[in-house]
Amino acid sequence: MKPQDLYIYNSLTKNKEKFTPIHEGAVGMYVCGPTVYSNVHLGNCRTFLSFDLVFRYLSHLGYKVRYVRNITDAGHLENDGESGEDPILKKARLEQLEPMEVVQKYTVDFHTTMAKFNALPPSIEPTATGHIIEQIHIVEKIIEEGFAYEKNGSVYFDVLKFNETNNYGKLSGRKLEDMIANTRELSAQTDKKNPQDFALWKKAEPQHIMRWPSPWSEGFPGWHLECTAMSTKYLGNNFDIHGGGMDLKFPHHECEIAQAEACNHISPVNYWMHANMLTLNGKKMSKSTGNYILPNEMFTGENDILSKPFTPTVTKFFMYQAHYRSILDFSSDALEASEKGFNRLMDAYRMLDSIATLEKSSIDIESWRKACYDAMNDDFNSPILIANLFEAVKFVNSLKEEKETISAKDLELLKQTMDNFLFDVLGLQNNDTETSQDAEKLSAAVELLIQLRNQARANKDFAMSDKIRDELASKGIQLNDGKDGTTFSLN
RNA sequence: GGCAUCGUGGCCGAGUGGCUAGGCUCAGCUCUGCAAAAGCUGCUACAGCGGUUCGAAUCCGCUCGAUGCCUCCA
C-alpha cells in the first residue's frame, strides 16, 4: 500500500501536525499509567484504550513502536500541604495491608481488566519504585542546573527561576503571572519559596512507610518525577509521543516538560496527545466523587445504571464510536445502541465467507479502503473509520442480494481490510464465547427442533410450530426464518 | 475568580465556509402461515442574538448553558 501521511493533533501546538518520527520507521511512545491504589474504573480504561488504538494503528502502519506505560506504585500526597496523605498508604491502612500488597493487588486488577478489553500490553511497563535511583539523579541534575533548591530535607522545583529562561505553562496555556495572581492563600507553613513550586523530593514524616534514602533525606520522589525518569530512560531525552488523560495536562505534564528541559535543555516530547474524559451523568468519572462505574460491573450488569450486561468488546466499540479527544457520556441506552450496531457489523463480517464472486466489481473497494485509512490518518478518527466499516455492511448485503457484484480479488481485499481494522487496529473480538464442541452439540439439538418445527409448519400445525419457537425464545434461542431456511442465534 | 473546552436531528455521536457521516430509535415496505429476525426506503439537525461573506451550522463578537483544569486523578 502506498504510505499516506498520518496527522496527529498535538496538544502543545494545538494543531494537527504531520507525524514524522525522530527515527525513521520507529516510534517512541510514553503513556502515563494508573496509580494502583484501587480498581481501575471505566474512565481510566478509556484513556488506555485510546492509546491502545494509537499503538495498534502505528504498529499496523509498520512502525516499530516502543510503547512505555508506567505503573505509579508510590503514592502521592492528596494535598500539596504537609498534612496530605498518600493514597496508597491510606488504602494500606484501611485494608490493613502492606503498601506493596495494595500495589500488587491493583496492578493485577489493572492487567486483568486490560486483557479483558483485549488491549495489548506495552513494550515496557516500568514502576516508579523501581526507578528511585534514576529519579534521584534527575533531582541532582536539576539542582546542579540551578532550577531546584533544598529546604529541610525536601527539594522543590523553582518555577519562577525556570520561567526566566523557559516557558512554564506552554502546554496548558497558562501564564505564570496569572497563576501567581490567582493563588489561593490557604497554605499553611511551607518550605516552598513560591506556591507554584512543586516537590521533586519530599522528606518522609515518621509515619510514612514508603521511603528511600537520598542525599537530602529519607523520603520519596515527587509525582511528576517518575514519568520524566522513566520516559527519558527508555525513550531518550527527546521522543515522539507522550500521551495521557486530559486531566494530567496540568500540572503533571507541564511539570514533566519543566523537569526535562531543566535537565536536558531540550523539549522532551514532539507530539503531546491527551485523551478526553468519560463522563457519567454529565460529570467526569472519578474515584474520589464516587461517580464511576467499574469494568466488571459492565460485564456482569451489576449496577443500577445498566439495563443489562455488556461485553468488553461492545464497551470498547462504544468508546471508539466517539473520537478520543471528545468527552464521551456514558449511558446504558448508548451502550445498547452500540451493541446492536456491533452485532450487525459482525454478522456482515461473517457473511463475507459466503459471497459469490464474478469477473468484475460494481463497487469500488479500493477507494473504500482508502477512506478507512484516511479516517485513521486524520488523528486516529475511529468514529469515521467505524462509519466506513458500516459502509462495508451495506456492500455485503447488496452483494448477498446480488444487487452488486465483486471480483475475487476485490473480495479478498475487502475481507483483508475488514480483518485488519476490526481485529488488528480496533482490537475487537468475536463474541463466540462457547467452546466449539459445545457449540456443535447445541447446534445439533436446535437443528433437530427446527426440523420438527418445519414439519409442523408443513402440516399447518401452527400451534406446535409456535410452541417450539416460543419455548426456544424463552431460553434465549432465537429462530430466524429466512429465504434459505431457518437459522438460530443466541441472545 | 483565572485558564481552557464544548453546546449538532427522538438518543449517541462525526465532519465541513457551499457537495450537508455513521449507529440506535421511529415509520413504511420486502420476506413470512403469523410473528420475530434480516434487508430496503424514509425522517435534514447544528444553543440564542448580532456581524463578516455571493454564501455560515462551520469564521468573528456578545448572551445563555454545560464540562474540565487551577488539590490526588486517565
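Every chain is numbered from 1 and lettered A, B, ... according to where its sequence line falls, protein lines coming before strand lines.
- Rounded to whole Å, the separation between the P atoms of G28(B) and G17(B) comes to 39 Å.
- Donor-acceptor pairing under 3.5 Å, judged by distance alone, is absent between the side chain of R344(A) and the base of C24(B).
- At the heavy-atom level, S465(A) lies under 4.0 Å from base atoms of the strands shown.
- Across all strands shown, A27(B) pairs with U41(B); the Watson-Crick or G-U wobble distances both stay below 3.5 Å.
- The side chain of N480(A) contributes no N or O atom lying less than 4.0 Å from OP1 or OP2 of A38(B).
- Comparing C31(B) with U25(B), their C1' atoms sit 22 Å apart, to the nearest whole Å.
- Using the Watson-Crick or G-U wobble rule with both distances under 3.5 Å, C69(B) pairs with G2(B).
- Distance noted for atom C1' between G65(B) and C26(B): 29 Å (whole Å).
- Side-chain proximity of L328(A) to the nucleotides G22(B), U5(B), G13(B) is greatest for G13(B).
- The side chain of P87(A) lies closest to C72(B), out of A14(B), C69(B), C72(B).
- By the 4.0 Å N-to-carboxylate-O rule, K284(A) lies close enough to D247(A) to be salt-bridged with it.
- Less than 6.0 angstrom separates the ring centroid of H131(A) from the ring centroid of Y234(A).
- Put simply, S326(A) has no side-chain N or O that comes within less than 4.0 Å of OP1 or OP2 on C6(B).
- Taking atom P on both G15(B) and U5(B), the two are 16 Å apart, rounded to the nearest angstrom.
- C49(B) and C54(B) have their C1' atoms separated by 23 Å, given to the nearest Å.
- If you take NE2 of H323(A) and C1' of U16(B), they are 15 Å apart, rounded to a whole angstrom.
- Taking the charged nitrogens against the carboxylate oxygens, D109(A) and K105(A) have no contact shorter than 4.0 Å, which rules out a salt bridge.
- The side chain of R457(A) sits closest to C34(B) out of A74(B), C34(B), A36(B).
- An OP1 or OP2 oxygen of U25(B) is reached within less than 4.0 angstrom by a side-chain nitrogen or oxygen of K340(A).
- The side chain of R453(A) sits closest to A35(B) out of A35(B), G68(B), C24(B).
- Using a 4.0 Å heavy-atom distance criterion, A322(A) is classed as a sugar-phosphate-only contact.
- Nucleotide G55(B) forms no Watson-Crick or G-U wobble pair with any nucleotide shown, as no partner meets the under 3.5 Å limit on both distances.
- Pair assignment for G22(B): C12(B), on the basis of Watson-Crick or G-U wobble contacts that are both within less than 3.5 Å.
- You'll find the ring centres of F330(A) and Y292(A) outside the 6.0 Å limit.
- The base of G39(B) has none of its N or O atoms less than 3.5 Å from a complementary donor or acceptor on the side chain of D347(A).
- In this structure, F250(A) reaches the sugar-phosphate backbone alone: every heavy-atom distance under 4.0 Å involves primed, P, OP1 or OP2 atoms, never a base.
- Following rounding to the nearest Å, R46(A) (CZ) and A74(B) (C1') show an atom-to-atom distance of 10 Å.
- Toward the 5′ end of RNA chain B lies the nearest nucleotide of S338(A), the other residue of the pair L479(A) and S338(A) mapping further downstream.
- Closest to the side chain of Y37(A), out of C24(B), C72(B), C34(B), is C72(B).
- Ion pair K175(A)/E177(A) not flagged as a salt bridge, since none of the NZ, NE, NH1 or NH2 atoms sits closer than 4.0 Å to an Asp/Glu carboxylate oxygen.
- Taking atom C1' in both G10(B) and A27(B), the straight-line distance is 13 Å, to the nearest Å.
- Summarising the base pairing, U32(B) is matched to no nucleotide, lacking a Watson-Crick or G-U wobble pair whose two defining distances lie under 3.5 Å.
- When heavy atoms are screened at a 4.0 angstrom cut-off, G282(A) is found touching the sugar-phosphate backbone but no base atom.
- In this structure, the nucleotide among G15(B), C69(B), G13(B) sitting nearest to the side chain of D329(A) is G13(B).
- C3(B) atom C1' lies 16 Å from atom CG of D247(A), rounded to whole Å.
- One can place CD of E391(A) at 13 Å from C1' of A14(B), the figure rounded to the nearest angstrom.
- Computed from coordinates, the Q196(A) CD to U71(B) C1' distance equals 14 Å when rounded to whole Å.
- For A74(B), the OP1/OP2 oxygens have a side-chain nitrogen or oxygen of N44(A) closer than 4.0 Å.
- In this structure, N388(A) does not reach the A21(B) phosphate: none of its side-chain N or O atoms is under 4.0 Å from OP1 or OP2.
- What separates CE of M376(A) from P of A21(B) is a distance of 22 Å, to the nearest Å.
- For a distance-only test at 3.5 Å, the side chain of R174(A) fails to qualify as a donor-acceptor partner of the base of C70(B).
- Spacing between atom CE of M351(A) and atom C1' of A37(B) amounts to 12 Å, rounded to whole angstrom units.
- Separating the P atom of A66(B) from that of U8(B) is a span of 14 Å, rounded to the nearest Å.
- Across all strands, E401(A) comes closer than 4.0 Å only to sugar-phosphate atoms, never to a base (heavy-atom distances).
- Residue K394(A) places its side chain closer to G23(B) than to any other of G23(B), A74(B), C72(B).
- For Q321(A), taking side-chain heavy atoms from C-beta onward, the closest of the listed nucleotides G23(B), C70(B), C12(B) is G23(B).
- Taking the centre of each ring, F110(A) and F48(A) come in below the 6.0 Å mark.
- In the set A14(B), U67(B), G2(B), the nucleotide with an atom closest to the side chain of K283(A) is U67(B).
- Comparing the C1' positions of U16(B) and C46(B) gives an interatomic distance of 12 Å, to the nearest angstrom.
- Among all heavy-atom pairs drawn from V269(A) and I241(A), the shortest one is CG1-C, 4.2 Å.
- Stacking between F390(A) and G23(B) is absent: the aromatic ring centre is not both under 5.5 angstrom from the base six-membered ring centre and within 30 degrees in plane angle.
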Kindly list each side-chain donor-acceptor pair under 3.5 angstrom involving residues 464-475 of chain A, sequence neighbours excluded, with atom names and distances?
{"residue": "S465(A)", "atom": "OG", "partner": "F462(A)", "partner atom": "O", "Å": "3.2"}
{"residue": "S474(A)", "atom": "OG", "partner": "E471(A)", "partner atom": "O", "Å": "2.7"}

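- If you check distances only, the side chain of D481(A) does reach the base of A35(B) with a donor-acceptor pair under 3.5 Å.
- Remark on RNA chain B: of its neighbouring residues S172(A) and D333(A), the 5'-side contact belongs to S172(A), judged by nearest-heavy-atom nucleotide.
- The existence of a salt bridge linking D481(A) and R457(A) is confirmed by a sub-4.0 Å separation between a basic side-chain nitrogen and an acidic carboxylate oxygen.
- Base pairing annotation: G50(B) forms a Watson-Crick or G-U wobble pair with C60(B), both donor-acceptor distances under 3.5 Å.
- If you measure from atom OH of Y168(A) to atom C1' of C69(B), you get 12 Å, rounded to the nearest angstrom.
- Of all nucleotides listed (C34(B), A14(B), G22(B)), G22(B) comes nearest to the side chain of A387(A).
- Among the protein residues, G243(A) comes within range of no part of the nucleic acid, since none of its heavy atoms lies under 4.0 Å from any strand.
- By the 4.0 Å N-to-carboxylate-O rule, D178(A) lies too far from R174(A) to be salt-bridged with it.
- At the heavy-atom level, H41(A) lies under 4.0 Å from base atoms of the strands shown.
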